[in-house]
**Q** 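Submitted below is the structure of interest, expressed as structure tokens.
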Amino acid sequence: MSASSGGKRAVLWFRKGLRLHDNPALLEACAGASAVYPVFIIDPHFLTASAYKVGVNRYNFLLESLADLDASLRAKGSRLLVLRGKPLEVLPRVFKDWGVTQLCFEVDTEPYAKRRDADVAAAAAAAGVAVSAHVSHTLYDTDVLLRAAGGKAPLTMQAFTKLVDKVGDPPKPLPAPGAVPPPGPLGAWGDGSTGVPSLAEVGFTEAPTTIFKGGESVALSRLEASLADAKWVCGFEKPATDPSAFTRPATTVLSPHLKFGCLSPRLFHARLAAVYKAARGAHSKPPVSLRGQLLWREFFYTVGSVTPHFNAMAGNPLAKQIPWDTNPALLAAWREGRTGYPWIDAAMRQLAEWGWMHHLARHSVACFLTRGDLFLHWEAGQAVFEELLLDADHFLNAANWLWLSSSAFFAQYYRVYSPVTFGKKYDPEGKFIRRFVPALARLPSKYIYEPWTAPLDVQTRAGVVIGKDYPYPVVDHTAISKVNMARMKAAYEANRTGGGSAGGGAGGEAGEASEAGDAGGAPAGGGGGAGRRRRNASPPAAAPGGGAARGGGGKKQRTVPEVLAAAAAAAASSGAAAANGSYAVVPELPGTRARRAEGQLRRGIVAATRGPPTHAARMGQPAHARAPQDGAPLLNCAETAQPAGEAAEPPQLPLAVSCAESAQPAGEAGEPPQLPTALVLTVLELLPGSQVAWSARRVCRAARDHFEGATRISLCCPHLPPVAVQEAWRRLGASGATLQQRQLARARAAAGDIAGLSWLLWRGCILDSVAAGAAGAGQLAVLEWAQRQHDERAVDVGLDVRASAEAAGAGQLDALAWCRRQMVPWDASVASAAAAGGQLAALRWLRARGCPLDRADAVRAATYYGQTHVVDWLERGGGGA
């Protein structure tokens with residue numbers, strides 16, 4: 001058909017913008033036209049290209065939107081023509097067959113769309129067809145914003161908000177046309193193949209499961225319902241909404257309609273502005289308000305439209321290059337909701353079923369996949385979202401994954417979402433989990449977020465046995481998140497220096513401040529003068545050859561292996577002198593803590609060459625000798641505390657070995673003595689915190705190098721890196737030694753290490769010595785933790801007479817009072833323990849509160865341990881009848 005036979009004949013090419021309202025391309029096509037052909041092309045690119053793989057829920061949403069658009073056009077006297085094929089092949093045929101004079105479409109700034117539209121525009125020009133492209137998918141023309149910003153996209157939301165304030169309000173939305181000129185004769189295209197296809201026709205065999213429907217009419221109804229409550233609109237703050245709400249989602253769920261253009265962002269913005277105007281300024285503000293959500297969308301479109309490879313790490317100038325792991329099994333477990341963390345699994349199953357999840361749930365699962373737990377590439381998560389989300393949008397999806405993986409826009413990689421506590425604060429009863437992980441539906445609320453902690457009988461009654469009906473956690477979040485923080489820190493340092501973590505350079509600011517403390521390696525030493533270090537920054541590492549890293553510091557700083565080697569050598573060379581009470585020579589360590597460490601190491605080396613004390617001597621140590629001095633960590637449990645030396649000897653460092661009998665004596669003649677494990681750990685604990693973390697994996701290696709018996713590690717250092725606790729458990733668990741398990745748990749309790757105890761609890765360690773260890777060391781926080789495990793999980797933590805006796809024997813009155821408040825049992829053995837420990841104040845406290853006293857037994861205990869002042873007090877009638 002020739003163009004001369006009917007005047008202007010326009011093709012309106014729908015891609016996004018599946019609506020009649022605020023559609024400038026539609027209005028242009030209608031203006032002065034004798035025929036308008038509304039066309040949508042089923043592009044195989046979106047069904048076959050891996051980067052744009054579309055799941056059944058989103059494609060069904062698209063088909064529903066097309067059907068709704070067709071109905072709206074028919075009401076205006078027209079209809080939608082759905083064609084099949086590659087646009088570059090279909091449109092030139094259409095131009096010729098229909099005598100088209102104008103092609104109208106909405107501007108699309110995605111990379112594929114830019115290439116496609118440029119090729120189609122060239123083909124149109126060759127066919128003599130005018131091209132008219134209009135901006136309506138975004139609030140603003142991104143080119144206008146870029147020009148106003150001086151040609152460079154803002155990279156922060158704050159800067160972008162200032163930019164749009166400078167530019168002014170976006171264009172007002174346009175009304176829908178009153179009528180649409182009908183299409184002309186279709187010729188060969190009119191054989192009935194231009195209707196909206198079925199899912200089966202485009203290759204889907206499964207049925208959609210989403211509860212959300214597509215189409216302009218649905219979008220407008222949802223917009224009206226969302227804005228009907230002005231108070232809710234004005235008070236809306238995205239971070240304060242509930243990610244677990246599913247009966248009625250806590251947000252508008254308009255994002256799928258914005259993605260397909262069933263709803264104009266300009267109409268949404270204008271309606272919001274009217275509500276805000278009526279509220280006279282009393283409303284939330286960007287970035288958390290509803291308008292802020294539209295501006296976030298605009299921000300990422302603006303940045304993404306001018307950033308090459310925006311949806312990839314390689315070639316993306318904004319993305320930090322991070323050595324992510326590749327693990328198909330873990331990726332599949334995450335995608336399919338089989339991670340063993342119910343909050344994560346419920347969110348991923350909601351995504352698979354509904355094609356949608358709340359903004360904060362997306363944060364949780366994205367953080368879990370990347371920097372938080374699995375350390376898998378964010379591009380893999382982006383591909384899953386691209387397939388499953390109804391609202392998957394090229395720029396928004398990429399930007400959110402860049403953000404949440406801390407690859408761009410957001411640098412606080414140490415702020416990690418907990419897969420347990422984050423969801424719990426919104427939904428403590430676990431209703432969201434019960435809905436989307438039905439296997440856990442009958443589990444009591446106290447276990448719903450951590451089902452692996454439920455006793456077996458509870459699991460059986462609930463019909464879900466962990467490891468059989470629902471998986472164990474694929475990783476230990478508490479431990480792995482810290483490991484990943486270290487990896488992120490190293491990656492950030494490598495990106496900052498441009499050459500990894502090896503030395504060189506002039507020395508700038510070292511390290512990054514971290515809420516969780518240093519978790520990564522110390523940065524390599526620089527060249528000339530070192531820059532000022534930030535607070536909590538990593539210390540300089542040792543330079544090659546054993547010298548300190550240069551640049552600002554005059555004192556020598558040694559690495560952990562050097563300290564250990566020097567300590568061992570000092571112990572070997574000073575064995576005879578130590579036996580006579582002399583101090584051993586200890587390597588220099590930097591700083592105030594080093595001076596304290598030096599004294600403790602000297603005393604420890606003396607103790608190492610002496611061999612184990614007797615049981616009577618251990619129990620006879622007075623309370624002041626067991627207490628930490630000058631802020632030093634408490635390293636001993638009550639029964640392993642060593643006595644103060646004789647008058648001519650320096651007081652000795654308590655050796656926190658598994659049991660006192662296993663403390664290592666000096667070696668045979670001519671052999672260097674072996675240092676106790678606790679001494680190795682003491683060195684690590686007293687080094688700067690970041691160097692401890694940097695050397696975390698060397699802790700156990702050093703212990704292996706220095707000691708034969710792996711099960712003798714007690715890990716009493718309060719701030720010992722989690723990896724060392726796990727290594728000790730691996731060794732102990734392999735031997736199945738019940739006694740050593742109890743000793744390990746007791747030592748962690750005495751050290752106040754709740755994180756370590758939680759990890760041991762998860763691993764099934766025997767914990768019936770925890771209360772005793774905590775009570776003897778006065779660790780009230782650990783006692784509270786133990787009480788919770790006992791009450792909520794029926795874990796045997798030893799809240800019995802042993803805990804009261806340990807507190808009494810150590811003179812821990814606060815712990816004794818706590819035990820009494822919690823009705824922890826006591827009997828005459830508790831008073832005898834106080835007598836044996838020489839704790840007269842504790843004995844008086846107990847008797848004043850009615851604790852039974854077996855006077856004869858208490859006298860025997862005090863006599864045995866040499867507590868003459870207690871014997872005198874008891875024989876004078878102290879304690880009453």
Side-chain angles (χ1 to χ4, degrees), residues 45-58 110-112 300 304 307-316 318-341 343-357 359-410 413 416-417 419 471 473-475 477 480-481 483-485 487-488 490-492 495:
H45 173 82
F46 294 98
L47 290 169
T48 59
S50 60
Y52 286 94
K53 186 176 181 183
V54 181
V56 65
N57 282 329
R58 183 154 93 254
E110 292 184 13
Y112 168 73
F300 288 141
T307 302
H309 308 287
F310 188 64
N311 67 332
M313 182 174 76
N316 184 343
L318 299 182
K320 290 182 172 60
Q321 304 302 299
I322 297 171
W324 303 105
D325 293 340
T326 300
N327 190 317
L330 285 179
L331 178 61
W334 174 81
R335 176 196 169 102
E336 296 164 14
R338 296 185 288 102
T339 67
Y341 285 98
W343 169 249
I344 300 298
D345 293 346
M348 291 305 294
R349 294 184 191 191
Q350 182 189 35
L351 171 62
E353 181 181 339
W354 286 11
W356 180 89
M357 68 170 86
H359 165 78
L360 294 177
R362 301 182 197 202
H363 282 210
S364 293
V365 300
C367 181
F368 185 89
L369 179 72
T370 57
R371 60 188 171 86
D373 294 80
L374 303 186
F375 214 77
L376 300 183
H377 206 307
W378 59 267
E379 290 178 22
Q382 176 185 242
V384 172
F385 273 27
E386 177 68 44
E387 177 182 353
L388 299 180
L389 277 174
L390 297 177
D391 58 14
D393 185 298
H394 178 83
F395 293 127
L396 306 188
N397 193 25
N400 276 288
W401 279 97
L402 285 164
W403 185 295
L404 292 165
S405 65
S406 291
S407 295
F409 303 114
F410 179 77
Y413 57 81
V416 173
Y417 287 85
V474 293
V475 293
H477 169 74
I480 200 65
S481 61
V483 172
N484 290 345
M485 284 181 204
R487 297 181 69 180
M488 288 296 293
Y492 266 55
N495 278 267

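Each residue takes its place number in the sequence, starting with 1. If you're wondering where the values come from, they're calculated on a predicted model, not measured in any experiment.
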**Q** Whether the side chain of Glu110 engages the backbone of Phe395 through a donor-acceptor N/O pair (distance < 3.5 Å, no angle test) should be reported.
**A** no
**Q** Is the distance between the ring centroids of Tyr413 and Tyr492 less than 6.0 Å?
**A** yes
**Q** Would you say Leu351 and Leu389 make side-chain contact, with heavy atoms under 4.5 Å?
**A** yes
**Q** Working to the nearest 0.5 angstrom, can you tell me the gap between Leu388 CG and Gln350 CD?
**A** 12.0 Å
**Q** Specify the closest pair of heavy atoms between Arg58 and Leu390, including all atoms of both residues, with the distance to one decimal.
**A** CD-O, 3.2 Å
**Q** Can Phe410 and Leu404 be said to form a side-chain contact (heavy atoms from CB on, under 4.5 Å), step by step?
**A** CA-CA 7 Å; Phe410 179 77; Leu404 292 165; over 6 Å; no
**Q** Compare all side-chain heavy atoms of Met348 with those of Arg338 and state whether any distance is below 4.5 angstrom.
**A** no
**Q** The test is side-chain contact (heavy atoms from CB on, under 4.5 Å); show your working for Ile322 and Met488 and say whether it passes.
**A** CA-CA 8 Å; Ile322 297 171; Met488 288 296 293; 3.7 Å; yes
**Q** Quick one: closest heavy-atom pair of Asn57 and Glu353, and the distance?
**A** ND2-O, 3.3 Å
**Q** Trp334 and Leu374: side-chain contact (heavy atoms from CB on, under 4.5 Å), yes or no, with the steps?
**A** CA-CA 9 Å; Trp334 174 81; Leu374 303 186; 4.1 Å; yes
**Q** Roughly how far, to the nearest 0.5 Å, is CG of Asp391 from CZ of Phe385?
**A** 9.5 Å
**Q** Give the intermediate values and the outcome of side-chain contact (heavy atoms from CB on, under 4.5 Å) for residues Trp324 and Ser407.
**A** CA-CA 11 Å; Trp324 303 105; Ser407 295; 3.8 Å; yes
**Q** Please answer whether the main-chain N or O of Thr339 pairs with a side-chain N or O of Asp345 as donor and acceptor at a distance below 3.5 Å.
**A** yes
**Q** Does the separation of the ring centres of Phe300 and Phe409 fall below 6.0 angstrom?
**A** yes
**Q** Does Ala319 offer a backbone N or O that forms a donor-acceptor pair with the side chain of Gln321 under 3.5 Å?
**A** yes
**Q** Give a yes or no on whether the backbone of Asn397 and the side-chain of Glu386 come within a donor-acceptor separation of less than 3.5 Å.
**A** no
**Q** Give the minimum heavy-atom separation between Ser364 and Ile344, together with the two atoms involved.
**A** O-CD1, 3.9 Å
**Q** So, for Ala398 and Trp378, which heavy atoms are closest and what is the spacing to 0.1 Å?
**A** O-CZ3, 4.4 Å
**Q** Just so I know, are the side chains of Pro111 and His394 near enough to count as touching, which here means a heavy-atom distance under 4.5 Å?
**A** yes
**Q** Please examine the side chains of Leu376 and Thr326, heavy atoms only from C-beta on, and report whether any two atoms are closer than 4.5 Å.
**A** no
**Q** Quick one: ring-ring contact (aromatic ring centres under 6.0 Å, His included) partners of Phe310, sequence neighbours excluded?
**A** none
**Q** Using every non-hydrogen atom in the two residues, find where Val416 and Arg371 come nearest and quote the distance to one decimal.
**A** CG2-NH1, 3.8 Å
**Q** Quick check: does any side chain N or O of Tyr341 sit under 3.5 Å from a backbone N or O of His477, one acting as donor and the other as acceptor?
**A** yes
**Q** Under a 4.5 Å cut-off applied to non-hydrogen side-chain atoms, are His363 and Phe368 in contact?
**A** no
**Q** Closer than 3.5 angstrom, by distance alone: can the side chain of Asn484 be matched with the main-chain N or O of Asp373 as a donor-acceptor pair?
**A** yes
**Q** Mark yes or no for whether Glu379, through its side chain, and Asn311, through its backbone, hold a donor-acceptor pair below 3.5 Å.
**A** no
**Q** Less than 4.5 Å apart, side chain to side chain, heavy atoms only: is that true for Val365 and Met357?
**A** yes
**Q** Any idea which heavy atoms bring Gly381 and Leu369 closest together, and the distance?
**A** CA-CD2, 3.5 Å
